[in-house]
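The next block holds one structure in the form of structure tokens; read it before the comments.
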Amino acid sequence: MVAKKSGKTLDLTAVLDLNEASALRDKLLSLRGSGLSIDASGVERIGTLCAQVLMSAEKTWEQDKQPFTFSKVSDAFQKTMQLVGVNIDHLLAKEIRQ
């Protein structure tokens, strides 16, 4: 995690499976209250529970009126999110939108 002017950055681990879901939730909760940028460039595999945790966090940040974006995403992350029916295009940083 690296502090930035616009908030904080959370680097996601390579494997986001059932075992990682609670740790991911705890990391996100500890960052609540300021803008957050997620770096998912190193994600090789993500399970549906972690996808749900991330989307729940997005809603929480929205309710808190704080920015929540994905600054970088791996192909595996993007494809898996699409496969489980989650569209994150509106959350992608402008530099990586296609």
Side-chain angles (χ1 to χ4, degrees):
M1 291 177 270
V2 180
K4 284 184 137 181
K5 287 181 185 175
S6 61
K8 299 185 185 252
T9 298
L10 175 63
D11 297 324
L12 298 180
T13 60
V15 177
L16 294 167
D17 58 8
L18 181 63
N19 297 324
E20 187 65 25
S22 292
L24 177 59
R25 181 203 65 212
D26 293 343
K27 288 176 191 175
L28 288 164
L29 285 174
S30 73
L31 297 169
R32 189 171 178 186
S34 64
L36 183 61
S37 177
I38 305 288
D39 182 344
S41 61
V43 174
E44 297 170 8
R45 191 170 36 135
I46 178 169
T48 55
L49 188 56
C50 284
Q52 289 175 331
V53 169
L54 287 169
M55 292 303 92
S56 175
E58 187 270 327
K59 291 295 181 194
T60 300
W61 262 251
E62 183 181 322
Q63 290 175 347
D64 290 348
K65 298 184 181 356
Q66 294 291 334
F68 184 96
T69 60
F70 288 90
S71 59
K72 300 175 190 170
V73 295
S74 67
D75 285 340
F77 180 87
Q78 179 107 16
K79 287 177 182 175
T80 303
M81 294 298 273
Q82 289 173 345
L83 184 65
V84 298
V86 177
N87 182 356
I88 62 166
D89 289 345
H90 67 288
L91 299 173
L92 296 174
K94 291 178 184 176
E95 303 84 46
I96 63 172
R97 287 186 191 160
Q98 296 179 353

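Residue numbers run from 1 in the order of the sequence given.
- Inter-residue side-chain proximity for Leu29 and Thr60 is flagged as unmet; no heavy-atom pair is nearer than 4.5 Å.
- In this structure, CD in Gln63 is found 9.5 Å from CD in Glu58, a value given to the nearest 0.5 Å.
- Hydrophobic cluster membership is shared by Val84 and Ile88, with clusters built from Ile, Leu, Val, Met, Phe, Trp and Tyr side chains linked at under 4.5 angstrom.
- Taking a 6.0 Å sphere around CG of Asp26, one finds it holds more than 12 heavy atoms contributed by other residues, nucleotides or ligands.
- Heavy atoms only, all atoms of each residue included: Leu36 and Leu31 are closest at CD1-CD1, 3.7 Å.
- Counting only distance, with no hydrogens or angles, the side chain of Trp61 and the backbone of Ser56 share no donor-acceptor pair below 3.5 Å.
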Which pairs of donor and acceptor atoms, one on a side chain in residues 44-55, lie under 3.5 Å apart (sequence neighbours left out)?
none

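- To the nearest 0.5 angstrom, Ser37 atom OG is 11.0 Å from Leu91 atom CG.
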(request) Before giving the answer on side chain to side chain contact (heavy atoms under 4.5 Å, CB included), spell out for Thr13 and Lys27 the whole-Å C-alpha distance, their side-chain angles and the decisive distance to 0.1 Å. (result) CA-CA 12 Å; Thr13 60; Lys27 288 176 191 175; 4.1 Å; yes

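- In this structure, the separation between CG on Leu12 and CG on Asp39 is 7.0 Å, given to the nearest 0.5 Å.
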- Might you work through the side chain to side chain contact (heavy atoms under 4.5 Å, CB included) test for Gln78 and Leu92, ending with a clear yes or no? CA-CA 10 Å; Gln78 179 107 16; Leu92 296 174; 4.1 Å; yes

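- To the nearest 0.5 angstrom, Asp89 atom CG is 11.0 Å from Met81 atom CE.
- Panel note: side chain Thr69, backbone Ser71; no donor-acceptor pair is recorded below 3.5 Å.
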